[in-house]
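What follows is one structure encoded as structure tokens, with my remarks underneath.
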Amino acid sequence: MSEEITATPEQEKEIDRQVQALQRGVVEIVPEDAFREKIKKAVVTGQPLKIKLGMDPSAPDVHVGHTVVLHKLRQFQEFGHEIQMLIGDFTGKIGDPSGRSETRKVLTSEQVAENAQTYVEQYGKVLDMDKATLYYNSEWLSQLMFEDVLKLAGNLTVARMLEREDFHNRYTSNQPISVHEFFYPLMQGYDSIAMDTDIEVGGTDQTFNLLMGRQLQEAYGHEKQVALTLPLIEGLDGERKMSKSLDNYIGVDEEPNEIFGKAMSIPDDLMIKYYKLATDVPLADIDQLEKDLADGTVHPRNTKQRLAHKFVAMYHGEKEADDAQRYFQTVFRERALPKDIPEVEWKGQATVPVINLLVELDMQPSKGEARKMIQNGGVKINEEKVNDIKTEVDVEDGMIVQVGKRKFTKLTVSE
RNA sequence: GGAGGAGUAGCGAAGUUGGCCAAACGCGGCGGACUGUAAAUCCGCUCUCUCUGAGUUCGGCGGUUCGAAUCCGUCCUCCUCCA
């Protein structure tokens, strides 16, 4: 940022366009003026910026929460910038400090490669992966000598480390912090040096790590990266951030019907946020939607249905989205039987107690469970509720067994 | 190295003068009703089973006792503080 770069009026326009678009939806850009400078330089010189996103090398479970960042990267891509996808295969060996630091099992390079491939596939639902570059941080981190590590660590004080929110919280509440956890942000920062990153993106929980990159880059005489943080999105419970371990997520790799249903189960209040952060619906349209919702012009259910449709379409395709919507409407709105019910050939007795039927069909894990399910009124045969636990069922070809609202099985009997 | 604290069902958390404990309560999960949806709200279930009874639980093992999650011994694990 030393030499003055001058932009033509047209270039200024383009800079404004990019800055404005890229600022949308972010929580924080640190620092804002450097951000603009970077964009400016890129526009004037035609040299794309390097935008980094780091990821854990363990088995990917990409969900809607992650896509918030991906949608932002997608925007960068559309402006011609270069995406650096960093697989933290070395960092992953150490263990992520933000978790309850269970010792992580070391992945083989085959597993890492496999997981990276899965990332490429799943991220590809939002990003153009052909235009992204994959990096592995073991490439440079494994080369460092202890002396290098000391030099790296020398840039930082314990007090500074403890500024990090989760370290601070743990420290003040007498929770343990392992020394090696301090190296996590250092390594992440070093990655930015190695990759010459211009902008690093991440969720707000990454703020400290992203800033660490700036500090270290400066110490090593590199141009400092800009940190861009995005909101963490709440999961299906509407309370806690979306994550696999809380089982409140919508995975991009899940079945269409599952994605649709899960999307329909998000709290109404969260719909707009999901629209804004996890879809590519233009902001103007979303604003309109918000207005219509507020004055009752549109029905919340329909708005949510559009969102659900959007998700399935993004991750699977339009046709699948239509099918999922149809399925949802028949099963949940009309309480009717869906079109495609999985068929199972019945090979057991012609007459069986319901309880055994459910267990043998694998629709209930045990007879005890099956019994409870019937007592709760959750079992139907040919759309008739089964009231008596002792009911004997005469199995017929085409008989439909239903457990709860969502589990259906059609029996076939061959002579 | 020394001192102290804790380990209860998927999670959190009661219960520790021994029986009324299969174990409160909250969350989560699963059903049902209702509806605007797998929203919200309300109701029921939630250790296992050959289920109106039986079996196995409260970190592990062993003991005291007619009887222990609750008492004793020992081991394991985790945490904190001092050095």
Side-chain angles (χ1 to χ4, degrees), chain A residues 64 99-103 169-178 181 234-251 254-275 289 292-312 321 324-336 338 352-360 362-381 383-391 401-408:
Chain A
V64 169
R100 281 285 127 216
S101 85
E102 287 165 36
T103 321
N169 290 342
R170 282 200 273 162
Y171 187 68
T172 52
S173 64
N174 290 333
Q175 298 289 307
I177 300 171
S178 294
E181 296 187 59
E234 291 88 344
L236 303 180
D237 53 28
E239 302 262 318
R240 297 165 301 176
K241 77 167 187 179
M242 184 178 285
S243 82
K244 190 177 189 180
S245 51
L246 293 173
D247 198 27
N248 63 353
Y249 69 104
I250 302 175
E254 293 189 272
E255 291 303 309
N257 287 342
E258 200 65 16
I259 293 176
F260 199 97
K262 282 186 173 185
M264 289 306 284
S265 81
I266 64 172
D268 288 0
D269 302 341
L270 234 54
M271 284 192 284
I272 294 297
K273 190 165 184 183
Y274 272 58
Y275 265 110
L289 211 55
D292 292 345
L293 270 176
D295 63 25
T297 319
V298 294
H299 198 294
R301 190 225 312 131
N302 294 336
T303 309
K304 208 187 284 181
Q305 225 164 53
R306 275 184 56 194
L307 180 66
H309 188 278
K310 196 89 203 158
F311 281 139
V312 181
Q325 177 153 338
R326 206 169 306 121
Y327 177 89
F328 187 87
Q329 288 190 346
T330 49
V331 175
F332 297 106
R333 193 112 76 94
E334 297 158 23
R335 283 300 160 81
V352 283
V354 232
I355 293 180
N356 296 42
L357 182 70
L358 294 178
V359 175
E360 281 170 49
D362 244 4
M363 295 181 82
Q364 283 295 293
S366 72
K367 292 190 181 178
E369 296 284 323
R371 188 172 288 112
K372 284 173 202 154
M373 189 54 70
I374 294 165
Q375 282 166 343
N376 280 327
V379 176
K380 286 183 189 171
I381 288 178
E383 307 196 61
E384 291 272 326
K385 185 177 283 186
V386 177
N387 294 309
D388 188 358
I389 306 174
K390 296 187 193 118
T391 306
V401 184
Q402 180 178 359
V403 176
K405 286 177 190 151
R406 321 157 48 186
K407 276 195 246 172
F408 304 91

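Among A/I389, A/D388, A/I381, the one residue that satisfies the side-chain contact (heavy atoms from CB on, under 4.5 Å) test with A/V354 is A/I381.
A sub-4.0 Å separation between OP1 or OP2 of B/rC49 and a side-chain N or O of A/S366 is present. Residue A/R301 places none of its side-chain N or O atoms closer than 4.0 Å to OP1 or OP2 of B/rG36. Close to B/rC51, at under 4.0 Å from its OP1 or OP2, lies a side-chain N or O of A/R371.
Judged as a side chain to side chain donor-acceptor pair (under 3.5 Å), and not counting sequence neighbours, the contacts of A/E234 are A/K273. Applying the salt bridge (charged side-chain N to carboxylate O under 4.0 Å, His left out) criterion to A/D268, with sequence neighbours excluded, gives A/K304.
A/R335 comes within 4.0 angstrom of a base, heavy atoms only. Contact annotation for A/E369: backbone-only contact, meaning every heavy-atom pair under 4.0 Å involves sugar-phosphate atoms and none involves a base. Residue-level contact check: A/E239 touches neither bases nor backbone, having no heavy atom under 4.0 Å from any strand. Here A/G368 lies in heavy-atom contact (under 4.0 Å) with a base. Looking at heavy-atom distances under 4.0 Å, A/P300 makes contact with a base. At the heavy-atom level, A/G261 lies under 4.0 Å from base atoms of the strands shown. Nucleic acid contact for A/N257: base, since at least one base atom lies under 4.0 Å from a heavy atom of the residue. At the heavy-atom level, A/F260 lies nowhere under 4.0 Å from the strands shown. Within 4.0 Å of A/K304, counting heavy atoms only, lies at least one base atom of the nucleic acid.
Around atom CD of A/E255, no more than 12 heavy atoms belonging to other residues, nucleotides or ligands sit under 6.0 Å away.
By the 6.0 Å and 45° rule, A/K380 does not stack over the aromatic ring of A/F408.
At a cut-off of 3.5 angstrom, counting only N and O atoms as typed in the model, there is a donor on one side and an acceptor on the other between the side-chain of A/D268 and the base of B/rG36.
The NE2-C1' distance, from A/H299 to B/rG36, rounds to 4 Å in whole Å.
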